[in-house]
Asker: 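Let me give you the structure first, and then I'll get to my questions.
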Amino acid sequence: MSVTSQAAEVVDQYLDAFYRGDFETARTLLADDLSFKGPFVQVEGADQFVASADGLRKIVRGRRTVHQWRDGEEISTLYEMNLETPAGTGSVLVSEWNTVRGGEVAKATLVFDTAEFRKLVPQAGSAPQP
């Protein structure tokens, strides 16, 4: 298996675990020194990231990949994150760029329309959310 295929497999496993709310498995795929940047949270360290995302555990309902670009250990994925909240059920289009190092996600940059997210999670931005 090529380096690019291995990196994409790690990213897919991480995203699948995260969006089914299995943060324990997701954490095993993150480098301890993970650097994460998202619309609501920027953190250094995998444990800090997982703690910051804990509020999502109850509302994530999977994801659907729209397209994935691969370049060595740099993987960019466009996907729909599915959410179910008291405000409703729906999906938000997300672009995530990951760097894989040593078989673990070492860097993650997440971009999405925060207005669409806030329709489903009105308190977003006031509580830790990636």
Side-chain angles (χ1 to χ4, degrees):
M1 183 179 289
S2 72
V3 169
T4 299
S5 294
Q6 289 173 343
E9 185 174 314
V10 167
V11 169
D12 286 339
Q13 289 173 357
Y14 157 69
L15 291 173
D16 287 344
F18 186 91
Y19 286 105
R20 71 174 177 264
D22 182 0
F23 287 16
E24 292 76 20
T25 298
R27 172 60 182 94
T28 68
L29 297 162
L30 300 174
D32 290 341
D33 63 346
L34 171 76
S35 177
F36 177 85
K37 293 181 182 175
F40 301 122
V41 175
Q42 294 83 42
V43 295
E44 299 296 323
D47 292 335
Q48 293 85 344
F49 166 70
V50 172
S52 76
D54 193 58
L56 292 174
R57 187 187 305 251
K58 295 178 185 175
I59 65 171
V60 291
R61 297 293 182 263
R63 71 171 182 101
R64 183 185 73 80
T65 298
V66 175
H67 192 76
Q68 188 174 72
W69 296 265
R70 304 168 177 188
D71 184 10
E73 293 185 312
E74 302 290 326
I75 308 296
S76 181
T77 310
L78 183 66
Y79 60 90
E80 293 175 338
M81 77 168 128
N82 301 316
L83 304 170
E84 184 178 326
T85 74
T89 300
S91 64
V92 176
L93 189 62
V94 178
S95 179
E96 184 164 347
W97 172 26
N98 299 109
T99 302
V100 175
R101 182 185 70 232
E104 298 174 319
V105 176
K107 183 177 179 184
T109 303
L110 195 76
V111 179
F112 58 84
D113 183 345
T114 57
E116 285 300 310
F117 186 82
R118 284 187 177 115
K119 287 178 185 176
L120 295 168
V121 187
Q123 73 277 16
S126 61
Q129 308 268 339

Asker: Should Glu116 and Lys119 be marked as a salt bridge (charged side-chain N to carboxylate O under 4.0 Å, His left out) after you check the CA-CA gap, both sets of side-chain angles, and the distance that decides it?
Answerer: CA-CA 5 Å; Glu116 285 300 310; Lys119 287 178 185 176; 2.8 Å; yes
Asker: Of all the heavy-atom pairs spanning Ser76 and Ser95, show the shortest one and how long it is.
Answerer: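 The answer is OG-OG, 4.5 Å.
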Asker: Would you give the length of the straight line joining atom CD of Gln48 to atom CG of Leu34, rounded to the nearest 0.5 angstrom?
Answerer: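 Separation between the atoms: 9.0 Å.
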Asker: What is the distance from atom CZ of Arg20 to atom CG of Asp16, rounded to the nearest 0.5 Å?
Answerer: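 Here the rounded value is 6.5 Å.
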Asker: Yes or no on side chain to side chain contact (heavy atoms under 4.5 Å, CB included) for Val60 and Leu83, after CA distance, side-chain angles and deciding distance?
Answerer: CA-CA 5 Å; Val60 291; Leu83 304 170; 4.0 Å; yes
Asker: Linking I/L/V/M/F/W/Y whenever their side-chain heavy atoms sit closer than 4.5 Å, directly or via other members, would Trp97 and Tyr79 fall into one cluster?
Answerer: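 In one cluster: no.
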Asker: Please enumerate all residues that pass side chain to side chain donor-acceptor pair (under 3.5 Å) together with Thr4, with sequence neighbours excluded.
Answerer: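 Listed in chain order: nothing, the list is empty.
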Asker: Under 4.5 Å between side-chain heavy atoms, hopping through other hydrophobics if needed: is there a path connecting Phe117 to Leu110?
Answerer: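 In one cluster with Phe117: Leu110, yes.
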Asker: Can you tell me how far the OH atom of Tyr14 sits from the OG1 atom of Thr25, to the nearest 0.5 Å?
Answerer: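 Separation between the atoms: 12.5 Å.
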Asker: Within a strict 4.5 Å, meaning less than it, do heavy atoms of the Leu93 and Glu80 side chains meet?
Answerer: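 Yes, their side chains come closer than 4.5 Å.
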Asker: Could you measure the distance from the OG1 atom of Thr109 to the CG atom of Asn98? Nearest 0.5 Å is fine.
Answerer: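 Result: 8.0 Å between the selected atoms.
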Asker: Tell me, with the steps shown, if Arg27 and Asp22 meet salt bridge (charged side-chain N to carboxylate O under 4.0 Å, His left out).
Answerer: CA-CA 9 Å; Arg27 172 60 182 94; Asp22 182 0; over 6 Å; no
Asker: Would you say that Val11 contacts Gln68 through its side chain, given a criterion of any heavy-atom pair below 4.5 Å between the two side chains?
Answerer: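 When only atoms from C-beta onward are counted, Gln68 and Val11 do touch, with a gap below 4.5 Å.
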Asker: Under a 4.0 Å threshold between the charged nitrogen and the carboxylate oxygen, would Arg57 count as salt-bridged to Glu24?
Answerer: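 Looking at Glu24 and Arg57, the cut-off is met.
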Asker: Give the minimum heavy-atom separation between Ala46 and Ala31, together with the two atoms involved.
Answerer: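 That closest heavy-atom pairing would be CB-O, 3.2 Å.
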Asker: Please find the pair of heavy atoms, one from Ser91 and one from Asn82, that lie closest to each other, and give the distance.
Answerer: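 It is CB-OD1, 3.3 Å.
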Asker: To the nearest 0.5 Å, tell me how far Arg70 CZ sits from Glu73 CD.
Answerer: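 That separation rounds to 13.5 Å.
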Asker: Is a side-chain donor-acceptor pair under 3.5 Å present for Thr89 with Glu84?
Answerer: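 Their side chains do not contain a donor-acceptor pair, so the 3.5 Å distance test is not met.
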Asker: State, yes or no, whether a side-chain contact exists between Arg101 and Asp33 at a heavy-atom distance under 4.5 Å.
Answerer: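 Counting from C-beta outward, Arg101 and Asp33 do come under 4.5 Å.
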Asker: Would you say that Leu30 contacts Val50 through its side chain, given a criterion of any heavy-atom pair below 4.5 Å between the two side chains?
Answerer: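 SC-SC contact between Leu30 and Val50 confirmed.
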Asker: Distance to the ring centre below 6.0 angstrom and angle to the axis at most 45 degrees; does that hold for Arg63 and Tyr19?
Answerer: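 No, cation not above the ring by the 6.0 Å, 45° rule.
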Asker: Name each donor-acceptor pair under 3.5 Å that joins a side chain in residues 36-44 to protein atoms two or more places apart or in another chain, with its distance.
Answerer:
from	atom 1	to	atom 2	distance (Å)
Gln42	NE2	Gly38	O	2.5
Glu44	OE2	Ser35	OG	3.1

Asker: Under 30°, 30 to 60°, or over 60°: which ring-plane class applies to Phe23 and Phe18, parallel, tilted or perpendicular?
Answerer: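 Because their plane-to-plane angle is under 30°, the rings of Phe23 and Phe18 count as parallel.
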Asker: Measuring from atom CD1 of Ile75 to atom CD of Glu96, what distance do you get when rounded to the nearest 0.5 angstrom?
Answerer: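 One gets 11.5 Å once the value is rounded to the nearest 0.5 Å.
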Asker: Is there a path from Val66 to Val94 through hydrophobic residues (I, L, V, M, F, W, Y) whose side chains come within less than 4.5 Å of each other?
Answerer: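 No, Val66 does not connect to Val94 through the hydrophobic network.
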Asker: Checking Thr85 side chain against Ile59 main chain: does a donor-acceptor pair fall under 3.5 Å?
Answerer: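 No: the side chain of Thr85 does not pair with the backbone of Ile59.
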